[in-house]
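Worksheet: one structure, shown below.
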Amino acid sequence: MIEFAKELNAAQYEAVTTLDGPVLVIAGAGSGKTRTVVYRLANLLERGVPASSILLLTFTRKAANEMLQRASRLLGYGVQGIAGGTFHAFAYSLLRQYHPARLEGRDLTIMDGADSVAAIQHCKDALGIARGDKSFPKTQTVLSLLSKSRNKELPLDEVLRREAYHLLVHADGVSRIGEAYAEYRAEHGLLDYDDLLFEVERLLRERPDLLAHLRDRYRYIMVDEYQDTNLVQARLVQLLAGEGGNVMAVGDDAQSIYAFRGANVQNILSFPQFFPGTRIIKLEENYRSTQPVLDLTNAILAEAPQAYRKHLYTSREDGVLPQVVRPLSDLTQASIVVSRVSELLRTYPPHEIAVLFRAGFHSYHVEVQLNKLGIRFRKYGGVRYSEAAHVKDVMAYARLVLNPLDLPAFQRVAALSRGVGPKTTLRLYEVARQGDPAATAHACARYPQLRADLELLDRLRKRTPAPATLLEEVIEHYQPRLEAAYPDDWPRRQQGLEQLVQIASAYRDLDLFISDLSLEDPGTEEEDRDSVVLSTIHSAKGLEWSAVIILDLVEDRFPSRHAVTRADDFEEERRLMYVACTRARERLMLFVPSSLYQRGEGGNQPAAPSPFVRELPAALYEEWYESYTGGLQRRDTSRPVARPAVASTFGCAPRPESAPVPGGPSPVAGAAKLGFCTHKIFGRGKIVQHLPPDKYRVNFPGVGLKVILGDYLTLEDDA
DNA sequence: GCGTGTACCTTTTTT
DNA sequence: AGGTACACGC
């Protein structure tokens, strides 16, 4: 028997034992959210709820697997049969079983992002829109605008008005492309990511019998990361749960970082309205980070508007101050980061150290340096494994075996042959579509390679071997082209393809393998304890490490240059910063290079420190800067310092911190006095900032940040 | 009209 | 590193 009351705190216990009716759990960063979900799963199972009655919707399949594994360990027996995964994967599994087209024996193929881009390009060309018009948005932009319009369920005009005013003149062209794109999908039996959700909603609304069946089946629903659901996802939860259903949403409005793809924080805010009688439970005790790390993360959030106020506190009093490190450039940043990683490796195992960044390409220099020193790393986010060109090539064959009329895949395979461009491809596709083998062979006569491709596909289609076997044959066939196309690094890519066969060997159904590959990047699946982690902040969501290094905290990079004009976007960047820093358990290092190397712009350009660092009270971190002789020097933030004489020569010196942030308090004054204090009502707290002349910002455990007159505080002098 | 090679430019985040 | 625009050659 599990002793729930002993192993959980009061709030967690309440969340774990409230099994009936709607529950909303507001889980602060590091507050034991996963633990709570895991114990709740265990509790349900211990009380005899069948696993098949539980639906667990998570943000990644990895998160779902982790929860199930931990629940198994807790219970002492394997947990099997719980439905779950991501919304998209769950949606596909329903469509696979119940979609009308599938029931009629037709194929539904999932398009990944690259397929959608190709399709949009195709529609744009076919309509002849914007030929030679440079002001017309790029294909990728068109796709994201159309997708945003669907995800936010706003007319395209409105999306443009809000986010891309300068593109309003092209509204008509973009929406015509959108209509053509929808026809294209319908015609070829293709579903893009957004379709998965909307098609399921339509299915559930059109088939009350099916809905009733599913409601009866999934009696207990849990949804993780609820702050990052969009409108249609929230409606799906409502449909599946029904009124007064046993549904638990878990999330944290302060960690909403997916508004750019249509996530709506309003979902978590109005959950209690949609489900009357909702029990709201807040998890506020932080078990992850040391107090100094927590102080810094609280300061990041202090100015952000938040609907569910939380006051994170910890009982851990130990810990070292976070560090702000100011290298001279992003190039030297890379070497300093790598030497810091080497130092950390003396204390922590590799998989407990993470380097986080805003965008995939920001880690490039660090990757080079790590390779140089032979430090193993794994990178998450950025270019996905399944989107690498060679993987897409091989998968295109697999898709054509399954669905001979999968146009994106056909285009990909056809393009591998010399002399075949877009027009020829379409002509051949039309011939192939007629299904007359003789005609097809004739049409391909001039392209022997393509003919060999199609013959291979025909053979495979007749035999329908297991996915792994099929891939092996495709790869053997593809090998000469791999070597020709990537003379520099084909062995590396070949290894990647072998990995693909490995992954496929776990599947019996080709269509499941293909859809899983587009729905979840297998590169993120297994973790590797011998490698340091490099990750975009988005991919770091929900994870934690002993030591965290954050790169490129400069304007234009973090916050991203695309996110500084609109207040909403800027706030999302701030939450992103919050998410990044709250990943750290013990060590946190923020890197602020003074210049960035820009190609074409004459080398190094000065870079301004990110506002997220500028606004931090100086007492919350230790500061280091790189001197021109190469070493790192500690800057004593408690006293005014003489800046290095050469500092301003190249315009890339650390910003003098005595320059006050406009309208903000001076972080320097009185910093020497910062320490702990006691207050009659709030108790002992940590002084975070002196607000001259006579106020202090104090963080009280369990209460949060308060601004208090010095007269009401008893100061401790322990420096 | 179609395909290819080259020079250049730009790089957010993800299902 | 990958896409795009343009010029050239079939």
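Order of the sequence lines fixes the chain letters, A, B, ..., with proteins taken first and strands second; residue numbering starts at 1 for each chain. Here the structure is a predicted model, which is why all the values come from computation and not from measurement.
As judged by a 4.0 angstrom heavy-atom cut-off over every strand, A/Ser539 is placed among residues touching the sugar-phosphate backbone only. At a threshold of 4.0 angstrom between heavy atoms, the contacts of A/Gly360 are confined to the sugar-phosphate backbone, with no base atom among them.
Between A/Ser417 and A/Ser560, the one whose closest nucleotide on DNA chain B sits nearer the 5' end is A/Ser417.
In this structure, A/Thr139 does not reach the C/dG3 phosphate: none of its side-chain N or O atoms is under 4.0 Å from OP1 or OP2.
Atom CZ of A/Arg557 and atom P of B/dT13 are 12 Å apart (whole Å). Note: CZ (A/Phe260) to C1' (B/dT13) measures 4 Å, nearest angstrom. A/Leu231 has its CG atom 20 Å from the P atom of B/dT15, to the nearest Å.
Side chain of A/Gln121, nearest nucleotide from B/dT11, B/dT12, C/dT4: C/dT4. If you check B/dT11, B/dG3, B/dT15 against the side chain of A/Lys423, the one that comes closest is B/dG3. Residue A/Arg261 has its side chain nearest to B/dT15 when only B/dT13, C/dT4, B/dT15 are considered. The side chain of A/Phe361 has B/dT11 as its nearest neighbour among B/dC2, B/dT15, B/dT11. Of the candidates B/dT14, B/dT13, B/dT11, the closest approach to any side-chain atom of A/Tyr258 belongs to B/dT14.
The only option from A/Arg185, A/Gln411, A/Arg399 that meets the side-chain hydrogen bond (donor to acceptor under 3.5 Å, both in side chains) definition with A/Asp115 turns out to be A/Arg399.
In terms of polar N and O atoms assigned as donor or acceptor, the side chain of A/Arg358 comes within less than 3.5 Å of the base of B/dT13 in a complementary pairing.
A/Ser560 contributes atom OG, which lies 11.0 Å from atom CZ of A/Phe260 (distance to the nearest 0.5 angstrom).
Taking the centre of each ring, A/His88 and A/Tyr92 stay at or above the 6.0 Å mark.
Listed for the A/Asn403 side chain is no donor-acceptor partner under 3.5 Å among the backbone atoms of A/Thr109.
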